[in-house]
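Below, read A as the first sequence line, B as the second, and so on, with proteins coming before strands; counting in each chain starts at 1.
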There are 2 protein chains.
Amino acid sequence: MSPVHRTPQRTAPGDRALDPVTFALDRSSPVPLYYQLARHLEAAIQRGALVPGDLLGNEVDLSVRLGLSRPTVRQAIQSLVDKGLLVRRRGVGTQVVHSQVRRPLELSSLYDDLESAGQGPTTRVLRNERIAAPADVAAALGLPEGAEVVVLERLRSTHGRPVAFLRNHLPASLLEPGTVRLESTGLYRLLRAAGIVLHSARQSIGARAASAEEGALLQEPEGAALLTMRRTAYDDAGRPVEHGSHVYRASRYAFDFQLLVRS
Amino acid sequence: MSPVHRTPQRTAPGDRALDPVTFALDRSSPVPLYYQLARHLEAAIQRGALVPGDLLGNEVDLSVRLGLSRPTVRQAIQSLVDKGLLVRRRGVGTQVVHSQVRRPLELSSLYDDLESAGQGPTTRVLRNERIAAPADVAAALGLPEGAEVVVLERLRSTHGRPVAFLRNHLPASLLEPGTVRLESTGLYRLLRAAGIVLHSARQSIGARAASAEEGALLQEPEGAALLTMRRTAYDDAGRPVEHGSHVYRASRYAFDFQLLVRS
DNA sequence: AAGTGGTCTAGACCACAAA
DNA sequence: TTGTGGTCTAGACCACTTT
């Protein structure tokens, strides 16, 4: 049996040289074996060597061919199942998911979103200073009211036209973001560069009509529909790291993502 | 050493009877052992027996105390790490995450959302018929243009006031949803009851101003800000199962969820 | 130096689906 | 009946963090 099958069946004999599953592991690398395998399979899927519906060979054969134990192979496969790229069916096998999977919803910055969409975002920092925390911000960040926080206000544009107005608050003890850097990258990248590891975020997406000031900033008429997003991000230890309150031009932006069903 | 530690340190001696980690496994149950352990730990966290910051005992001790192998214990712990309830640090240990974790974003139906919030949703079915698929729907569902689909239009309310207008299209071959059932439950529950297993969905959230008809339906003035959601859901085999195009009153609804950072 | 999680092995038996 | 993934064991060695 050849290790990859198309529906309803099999590849031509002599395909083993093109077998997209078997490959050379680097056992001297510090990269874990299961991770090497996962990346290899993912690449094979991305470049189309494994087509939706294809069955991977069964796990036992696979582990023999690769010289790995079955649990290690399973660990690799499981990570791709978790990503939504593969589906396992008992008694059937493991196959590549049919639908075009895009990335699941990530805690990504708007900057990265726009950049990866080739939108060449620009940022104008309107405000960057230390203030006493307003009540709602203090509550969101778990700080005593009046504690010192950094407030950032930024206008993000693509193609010279505004997309979003971003207001963020950070505990002043955490980071003193430089205005210059903020104009050339995203806040989350600055946090990561400062060694702050994000773990989770609580987020709320809504809509409302634009105020006169918001309209002026975003070049929308007063009363235009805006998307709003409020988010508090936490680090590994559960400490609030950042609270953001953003508004987006609905005519130029939407939240777009893939969900996986919890199982 | 007692198995649970508070910061900076330990519970009183004699606490072993209250040890929130050790418990009795049911080896005769068909429920997997790792799953029993995961549920037990999750319950201990939810009821506060394990407090944020608490360290679980190390994995080797734990497996000995529970009479399980270490991989099985790891499998249980890993599932809770994936859920965002626990954090592991090499050289340190596994501890309960500080922040209050709510559920991550799920592919849940609005009906379930409102019901679990105690809002007692009601549904009025405005339309339930078979039609030839419009071009955009056919494209989303991967059907030839003009193929037969079921179109549903529903108005969902809580406390007697409308919250959302839901328009859904399904391949007619898949399901013939009964209007009566649709008034008493959510579409996704009907799909599940029909044996349709959802796997993933592609979703886009935006905003726009209400049209005159939308305003009349939702009891909002024309031009009011509305939240919009377009979603296509897929089953295990990657077949499109449903396409929804919904509008929500921004004054009464927001998308509210927790994100975990991919790692 | 000691203790933790991270990785890996080489088996075993079971549950489920398809032929 | 056969083949698949699902679960589980009892070890091993390594990398990292803290003392």
Side-chain angles (χ1 to χ4, degrees), chain A residues 1-5 7-10 21 25-39 54-82 86-96 195 197 236-237 263, chain B residues 1-5 7-10 21 25-39 54-82 86-96 195 197 236-237 263:
Chain A
M1 275 296 199
S2 98
V4 173
H5 315 273
T7 11
Q9 221 25 314
R10 128 170 12 72
V21 172
L25 292 162
D26 180 0
R27 297 193 96 100
S28 69
S29 163
V31 177
L33 297 174
Y34 80 90
Y35 192 78
Q36 291 184 40
L37 175 53
R39 294 265 297 184
D54 276 3
L55 285 169
L56 267 60
N58 73 65
E59 298 174 350
V60 178
D61 280 2
L62 224 107
S63 60
V64 170
R65 275 211 310 282
L66 295 169
L68 293 173
S69 68
R70 187 179 163 211
T72 300
V73 170
R74 274 184 67 80
Q75 190 175 1
I77 292 176
Q78 187 59 49
S79 70
L80 297 182
V81 171
D82 291 342
L86 298 177
V87 181
R88 291 208 244 229
R89 295 174 203 255
R90 185 146 43 175
V92 178
T94 303
Q95 58 186 164
V96 179
V197 179
D236 266 11
S263 53
Chain B
M1 275 293 201
S2 101
V4 175
H5 315 272
T7 10
Q9 224 21 319
R10 131 171 8 72
V21 172
L25 293 162
D26 179 1
R27 296 194 95 101
S28 69
S29 162
V31 177
L33 298 173
Y34 81 89
Y35 192 77
Q36 291 184 40
L37 175 53
R39 294 264 298 182
D54 277 4
L55 286 170
L56 268 58
N58 73 64
E59 297 174 350
V60 178
D61 280 3
L62 218 90
S63 60
V64 171
R65 275 211 310 284
L66 294 169
L68 293 173
S69 68
R70 189 184 164 208
T72 301
V73 170
R74 275 184 66 81
Q75 191 175 1
I77 291 177
Q78 187 60 47
S79 70
L80 297 182
V81 170
D82 292 342
L86 298 176
V87 180
R88 291 208 245 226
R89 295 172 205 259
R90 185 143 45 173
V92 178
T94 302
Q95 58 186 162
V96 179
V197 180
D236 266 12
S263 54

Next on the checklist: Check this for me: does the side-chain of B/Arg90 come within 3.5 Å of the base of C/dG3 through a donor and an acceptor?
Outcome noted: no
Output the single nucleotide from [options] whose closest atom is nearest the side chain of [X].
X	options	answer
B/Tyr34	D/dA12, D/dT4, D/dT7	D/dT7
A/Leu68	D/dT9, C/dT9, D/dT17	C/dT9
A/Pro32	C/dG5, D/dG6, C/dC8	C/dC8

Item to check | N/O (side chain, B/Arg74) to phosphate O (OP1/OP2, C/dG6) under 4.0 Å | outcome: yes
Checklist entry - With respect to the phosphate group of C/dG11, does any side-chain polar atom (N or O) of A/Ser69 fall under 4.0 Å of OP1 or OP2? => result no
Rounded distance in Å - [atom1] ([X]) to [atom2] ([N]):
X	N	atom1	atom2	value
B/Leu55	D/dT17	CG	C1'	13 Å
B/Gln95	C/dT4	CD	C1'	12 Å
B/Ile77	C/dT4	CD1	C1'	12 Å
B/Gln75	D/dT7	CD	P	6 Å
B/Arg88	C/dG5	CZ	C1'	7 Å
A/Leu66	C/dT7	CG	P	18 Å

Using residues 71-80 of chain B as the side-chain source, report each donor-acceptor pair under 3.5 Å to any protein atom, sequence neighbours left out, with the distance given to one decimal.
residue, atom, partner, partner atom, Å
B/Thr72, OG1, B/Ser69, OG, 3.1
B/Arg74, NH1, B/Glu59, OE1, 3.3
B/Arg74, NH1, B/Glu59, OE2, 3.2
B/Gln78, OE1, B/Arg88, NH2, 2.5
B/Gln78, NE2, B/Asp82, OD1, 3.0
B/Ser79, OG, B/Ala76, O, 2.7

Checklist entry - Want to settle it: does A/Val92 or B/Gln78 sit nearer the 5' end of DNA chain C, counting the closest nucleotide to each? => result B/Gln78
Checklist entry - What does B/Arg89 touch in the nucleic acid at a heavy-atom separation under 4.0 angstrom: a base, only the sugar-phosphate, or nothing? => result sugar-phosphate
Checklist entry - Which part of the nucleic acid, if any, lies within contact of A/Pro71, taking any heavy atom under 4.0 Å across all strands shown: a base, the sugar-phosphate backbone alone, or nothing? => result base
